[in-house]
Amino acid sequence: MKPPVIMGVVNVTPDSFSDGGLFLDADNAVAHGERLVEEGADILDLGGESTRPGSDAVPEAEELRRVVPVIERLAGVEARLSIDTTKLVVAKAALDAGVSIVNDVSGFRFEPELAGLVADAGADCVLMHMLGEPRTMQEDPRYDDVVADVKAFLEERLRFAVSEGVPEERVWLDPGIGFGKTVEHNLELLRRLDEIAAIGCPVVVGTSRKSFLGRLAGGRAESERLPGTIATNVMALERGGTVFRVHDVAQVRDALTVAAATLAR
Ligand code: HH2
């Protein structure tokens, strides 16, 4: 894959941290997805469960009810579809409905059978680092060396996926910005993203609108974090990032296109 690959976020949820409730209605979610494709999204990442800090898991049936009809209606768009879930049943229904990427923020830890499903489907997968689970991950997160620890975790998850039959070239890795990390942990991971890229898999980066951007800029609300989102995505591109998971596709696409032309790698 030639970076930058833009993954646009479609949250079919009532409670996502920056756009909860806006696209819970299927018509709104589909229209939003179509708009993001027009704006240049290469991938749409559809999710029916918020993973914001402190959030509780959503029952399977509810997550299915939210995402499957939206996937079915977006299946013809000019972009690949990805399902943001940690659940086997949801991933299976999403693959049947037309997604070709499984984005698991638990890195196949919560439901390890997901690996076999991805292998059998011939899908790609995103394996992300998170400390524990969303409900508790921001309670005093600690690492010996955040980059070395996250890298070792991702290498182990890659080995697990491959041992379950997923071809290595179908595995994308994500350091999980904001998932059990302080502001300084997030900055260190971005600063040294090249060490994660050195594993050899495509690297997915998700900084979009996250709280550390608000804090660093002097207390900005979610809707005011686009400048920080752009700054961090440009830095991540320069340090080996491949796939950029963002809410504001048009603006980030422009910024990364210019940045990529400047780097001309
Ligand atoms: N971040 C969020 C959700 N899924 N997946 C990957 N691979 N990487 C990320 O950084 C990532 C992710 C959180 O963002 P959002 O979906 O907007 O919020 P919420 O979890 O509240 O729905």
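Just follow the structure's listing: the first ligand is 1, and inside any ligand the first atom is 1.
The V105 neighbourhood of ligand 1 comprises atoms 4 (N), 5 (N), 12 (C), with distances under 4.0 Å to a heavy atom of that residue. Using a 4.0 Å cut-off to heavy atoms of G206, the atoms of ligand 1 that qualify are 10 (O). Interface atoms of ligand 1 facing S16, defined by a heavy-atom separation under 4.0 Å, are 19 (P), 21 (O), 22 (O). Every atom of ligand 1 with a heavy atom of N11 under 4.0 Å away is listed here by number and element: 15 (P), 16 (O), 17 (O), 22 (O). Counting atoms of ligand 1 from 1 in the listed order, those under 4.0 Å from a heavy atom of H247 are 17 (O). Less than 4.0 angstrom separates some heavy atom of V126 from each of these atoms of ligand 1: 7 (N). Heavy-atom proximity to R52, at under 4.0 Å, picks out these atoms of ligand 1: 20 (O), 21 (O).
Results of the side-chain hydrogen bond (donor to acceptor under 3.5 Å, both in side chains) test with S18 over E222, K210, R209, R225 single out R209 as the only residue that passes. Each of R80, K2, R253 was evaluated against D42; a single residue qualifies, R253, per the salt bridge (Lys or Arg N to Asp or Glu O under 4.0 Å) test.
In this structure, R209 falls outside the shell of residues with a heavy atom less than 4.0 angstrom from ligand 1.
One hydrophobic cluster, built from ILVMFWY side chains closer than 4.5 Å, cannot hold both V5 and V252; they sit in different ones. Tracing side-chain contacts under 4.5 Å through hydrophobic residues (I, L, V, M, F, W, Y), one reaches L64 starting from L81; they form part of the same cluster.
With hydrogens and angles disregarded, a donor-acceptor distance shorter than 3.5 Å links the side chain of R157 to the backbone of G107. With hydrogens and angles ignored, the 3.5 Å screen pairs a side-chain donor or acceptor of H185 with a backbone N or O of T182. Looking at D124, its side chain never comes within 3.5 Å of a backbone N or O of I101 through a donor-acceptor pair.
Close N/O approach between D45 and ligand 1 is not found [any backbone or side-chain N/O within under 3.5 Å]. For a threshold of 3.5 Å applied to N or O pairs, the pair formed by T13 and ligand 1 contains no separation below that value.
In this structure, the protein non-hydrogen atom closest to atom 9 (C) of ligand 1 is K210 NZ, 3.6 Å. The protein heavy-atom contact nearest to atom 8 (N) of ligand 1 is D174 OD2, 2.7 Å. Of the protein's non-hydrogen atoms, the one nearest atom 2 (C) of ligand 1 is R245 NH1, 3.4 Å. Distance from atom 18 (O) of ligand 1 to its nearest protein heavy atom, with residue and atom name: F17 CD2, 3.2 Å. Nearest protein heavy-atom contact of atom 5 (N) of ligand 1 is N103 ND2, 3.1 Å. Closest protein heavy atom to atom 21 (O) of ligand 1: S50 OG, 2.7 Å.
Taking the centre and axis of the six-membered ring of F212, the NZ or CZ atom of R215 falls outside the cone set by 45° and 6.0 Å.
Remark: the S106 side chain and the T86 side chain contain no N/O donor-acceptor pair separated by less than 3.5 Å.
Counting heavy atoms under 4.0 Å from ligand 1, residue M128 touches it through the side chain alone. Contacts between D84 and ligand 1 below 4.0 angstrom, taking non-hydrogen atoms only, involve the side chain exclusively.
The neighbour count for E168 CD, taken as heavy atoms of other residues, nucleotides or ligands under 6.0 Å away, does not exceed 12.
Using the six-membered ring where Trp is involved, H129 and Y143 have ring planes that are tilted, between 30° and 60° apart.
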